[in-house]
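To keep things clear, I will list the structure first and then write my remarks on it.
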Amino acid sequence: MKEFDYIIIGGGCAGLSLAYELETHNKLKDKTLAIIEPRLEYKRDKTWSFWKTTNHNFEDCVKKSWDNFTINIPNKIKFLKCSELPYQSIDSGLFYKKINSTLKQNRNIKFYKNINEVNLNNSFIFNSVPSIQSKENKLWQHFKGIEIETTRDVFDEKIMNLMDFDCQQYDSVHFFYTLPYSKNKALVETTWLSKMNSDLEMNYDEQLKDYIENHLNIKNYKINYKENGAIPLFYPSNVNEGGKINIGTAGHMTRLSTGYTFLNIQDHSRYIRENIDNIDKIRRYGIKKKYRFLDKIFLRVLSNHAKLMPNIFFKMFDNSPKTIIKFLSNKSNIFQDLLIILKTPTKWLFIKALLK
């Protein structure tokens with residue numbers, strides 16, 4: 001079996017982002033890299049969306065960017081502007097094409113479908129495959145989205161709907177999410193924050209059909225694309241060991257209260273690239289402890305008081321868009337953190353959770 005200087009386990013968002021960062025900064029010129037990825041082909045399979053709080057390598061993969069957004073609960077809606085920190089949506093198909101066309105130009109980079117095809121003993125390993133020992137009694141953000149195309153112009157493509165809580169909750173937290181790419185195309189997603197123990201929550205197709213036809217009042221449309229997934233709102237049990245760094249979800253790059261991961265992956269990739277020559281000696285990178293602490297409290301409240309969460313989310317957006325966006329994107333300062341907490345309508349719940 002062939003040996004490599006570096007091995008990336010998992011050629012998804014985190015693995016490819018790291019490989020691209022290393023390659024485009026000439027860190028693989030005299031090094032060899034193996035990427036272990038079992039998929040047969042790369043094609044559009046995900047949509048990564050986030051507030052652009054930092055620069056990244058994939059502006060040319062952005063399918064759409066929005067300067068305005070809404071959030072609503074039954075009988076109430078907020079309209080907010082975010083031109084300073086626009087909301088971006090990346091097409092995974094464009095992302096894969098861009099990275100793979102770059103990586104294939106370097107003969108020192110090889111793809112393998114099975115980890116048994118390479119020798120792991122003398123390589124530095126970057127692992128993006130999360131180790132999840134049990135799904136029981138764990139919180140997840142699980143979803144299904146479809147891109148629809150309508151027969152007439154029905155969407156305002158200048159504004160996206162971040163959260164629509166005007167839907168059945170089933171003792172969990174449920175909202176719809178709509179990204180209008182044009183006047184007649186949009187990604188509509190049903191999203192749950194729950195322990196995934198109810199069949200009613202998993203009936204995604206019926207939820208989407210009902211929402212599109214009876215809430216958005218769209219009767220004539222076709223489905224161009226589907227995606228679904230589940231993001232753990234807990235940290236996988238992967239352990240960083242000598243000669244290995246976990247990346248992506250496996251490396252705890254997911255913000256647990258939001259599920260946002262993409263920009264954290266880019267920040268981590270940049271950090272690794274900047275320190276690759278001393279990779280065994282560097283301090284492990286991670287989301288700041290204050291966010292991990294705040295998320296733990298937030299998720300404790302969510303678990304115990306799911307019915308209150310739509311109103312809690314809604315009231316959080318009483319803050320300025322810049323304040324809430326920076327908080328959700330783990331870029332806030334302590335003053336902004338306090339503003340978020342003080343705007344929460346049930347502060348006593350968070351204080352109580354804090355004291356437990």
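Side-chain atoms are counted along with the backbone in the values below, which use heavy atoms only and exclude waters and symmetry mates.
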Please work out whether the ring planes of H142 and W192 are parallel, tilted or perpendicular, with thresholds of 30° and 60°. parallel
Hey, do the aromatic rings of H215 and F176 have their centres closer than 6.0 Å? no
Exercise: do E84 and W51 side chains pair donor with acceptor under 3.5 Å: no
I'd like to know whether the aromatic ring centres of F298 and F313 sit less than 6.0 Å apart in this structure. yes
Counting heavy atoms not belonging to K52, are there more than 12 under 6.0 Å from its NZ? yes
Please confirm whether the ring centroid of F126 lies under 6.0 Å from the ring centroid of F124. yes
Before you tell me yes or no, could you show the steps for N330 and N264 under side-chain hydrogen bond (donor to acceptor under 3.5 Å, both in side chains), namely the whole-Å CA-CA distance, both residues' side-chain angles and the distance that decides it to 0.1 Å? CA-CA 9 Å; N330 38 283; N264 296 328; 3.1 Å; yes
Among K29, E23, E21, find the one that has a side-chain contact (heavy atoms from CB on, under 4.5 Å) with H25. E21
Any donor-acceptor pair under 3.5 Å from S182 side chain to K185 backbone: yes
Looking at F4, I'd like to know if the NZ or CZ of K110 sits under 6.0 Å from its six-membered ring centre while staying within 45 degrees of the ring's axis. no
Do the numbers put R39 on top of the ring of Y96, so that NZ or CZ is under 6.0 Å from the six-membered ring centre and no more than 45° off the axis? yes
Looking at NZ of K63 and CD1 of I90, how far apart are the two atoms once the value is rounded to the nearest 0.5 Å? 12.5 Å
May I ask you to check whether over 12 heavy atoms, not counting those of K76, lie within 6.0 Å of atom NZ? no
For the residue pair K183 and F155, would you count it as a cation-pi contact if the rule is NZ or CZ under 6.0 angstrom from the ring centre and within 45 degrees of the ring axis? no
Would R44 and Y225 count as a cation-pi pair here, with the cationic atom under 6.0 angstrom from the ring centre and within 45° of the axis? yes
